[in-house]
*Asks:* 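Take this structure first; my questions come after.
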Amino acid sequence: MSVQVRLFPRAEWSPVPSAKGVESRALLHEESLFVAQLRFSEHATIPEHPSPNTIVALCLEGEGFTSVGGETAPIRAGEQARWPPDVPHRLWTEGSTMLTLMIERPTE
């Protein structure tokens with residue numbers, strides 16, 4: 001067996017479609033796992049939407065807000081939010097910036 005080293009799927013930051021003030025970069029994209037960083041400017045938002053997959057959002061830096069199924073809560077560095085499949089969720093900032101790690105895995 002040899003060591004395999006390869007590039008990230010998308011090592012450069014790019015705007016998230018339909019979001020305001022949010023950039024992403026994919027770190028891992030496999031059939032059973034998707035991992036990406038999301039970088040939020042002040043007053044940034046990803047509109048509310050459902051996903052067929054379970055998603056864990058880890059706040060690495062800064063702070064913002066999350067909502068899932070109509071409930072809203074603040075999220076700060078060192079905290080995580082879990083969004084169940086098929087439930088509308090949202091992530092946004094107000095007067096601060098935020099860096100998150102998103103981990104998405106298909107529901108079995």
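All figures in this text were calculated on a predicted structure; none of them were measured in a lab. One-based numbering along the sequence shown.
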*Asks:* If the condition is side chain to side chain donor-acceptor pair (under 3.5 Å), which residues does Thr66 pass it with, not counting sequence neighbours?
*Replies:* Trp83
*Asks:* Is Phe65 isolated, or which residues cluster with it under the ILVMFWY side-chain rule of less than 4.5 Å, directly or via members?
*Replies:*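 Reading the cluster by chain and number, Phe65 sits alongside Trp92.
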*Asks:* What ring pair (Phe, Tyr, Trp, His ring centres under 6.0 Å) pairs are there with at least one residue in residues 10-33, not counting sequence neighbours?
*Replies:*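 Matches after skipping sequence neighbours: His29-Phe34.
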*Asks:* Can you run down the salt bridge (charged side-chain N to carboxylate O under 4.0 Å, His left out) pairs that involve residues 32-43, sequence neighbours left out, and say none if there aren't any?
*Replies:*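 Matches after skipping sequence neighbours: Glu23-Arg39.
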*Asks:* Enumerate, atom names and distances included, each donor-acceptor pair closer than 3.5 Å involving a side-chain atom of residues 69-78, sequence neighbours excluded.
*Replies:*
none

*Asks:* State which residues pass side chain to side chain donor-acceptor pair (under 3.5 Å) with Thr97; sequence neighbours excluded, sorted by chain then number.
*Replies:* none
*Asks:* For Arg82, which residues count as a side chain to side chain donor-acceptor pair (under 3.5 Å) partner, sequence neighbours excluded?
*Replies:* none
*Asks:* Is Val3 isolated, or which residues cluster with it under the ILVMFWY side-chain rule of less than 4.5 Å, directly or via members?
*Replies:*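 Answer for Val3: Val5.
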*Asks:* With a 4.5 Å limit on heavy-atom distance, are the side chains of Leu38 and Leu99 in contact?
*Replies:*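 Side-chain contact under 4.5 Å: no.
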*Asks:* Who passes salt bridge (Lys or Arg N to Asp or Glu O under 4.0 Å) against Glu31, sequence neighbours left out?
*Replies:*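 Expected list: none.
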*Asks:* Mind checking side chain to side chain donor-acceptor pair (under 3.5 Å) for Gln37 and listing every partner two or more places apart, or none if nothing turns up?
*Replies:*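 Testing Gln37 for side chain to side chain donor-acceptor pair (under 3.5 Å), a comparison that skips the adjacent residues, returns Arg25.
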*Asks:* Which residues pass the side-chain contact (heavy atoms from CB on, under 4.5 Å) test with Glu30, not counting sequence neighbours?
*Replies:*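 By the side-chain contact (heavy atoms from CB on, under 4.5 Å) rule, Glu30 matches Arg6, Leu28.
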*Asks:* Return all side-chain donor-acceptor pairs below 3.5 angstrom for residues 43-61, not counting sequence neighbours, or 'none' if the list is empty.
*Replies:*
from: His43; atom 1: ND1; to: Glu94; atom 2: O; distance (Å): 3.1
from: His43; atom 1: NE2; to: Glu94; atom 2: O; distance (Å): 3.3
from: Thr45; atom 1: OG1; to: Arg90; atom 2: NE; distance (Å): 3.2
from: Thr45; atom 1: OG1; to: Arg90; atom 2: NH2; distance (Å): 3.3
from: His49; atom 1: ND1; to: Pro47; atom 2: O; distance (Å): 2.8
from: His49; atom 1: NE2; to: His89; atom 2: NE2; distance (Å): 3.3
from: Ser51; atom 1: OG; to: Asn53; atom 2: N; distance (Å): 3.1
from: Ser51; atom 1: OG; to: Glu104; atom 2: OE2; distance (Å): 3.4
from: Asn53; atom 1: ND2; to: Glu104; atom 2: OE2; distance (Å): 2.7

*Asks:* With a 4.5 Å heavy-atom cut-off, do Leu27 and Leu101 have their side chains touching?
*Replies:* yes
*Asks:* Within the distance-only criterion (no hydrogens, no angle test), does the side chain of Thr93 pair as donor or acceptor with the backbone N or O of Gly64 below 3.5 angstrom?
*Replies:*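 No, Thr93 side chain to Gly64 backbone: no donor-acceptor pair under 3.5 Å.
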*Asks:* With a 4.5 Å cut-off on side-chain heavy-atom distances among I, L, V, M, F, W and Y, is there a chain of contacts connecting Ile103 to Val87?
*Replies:*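 No.
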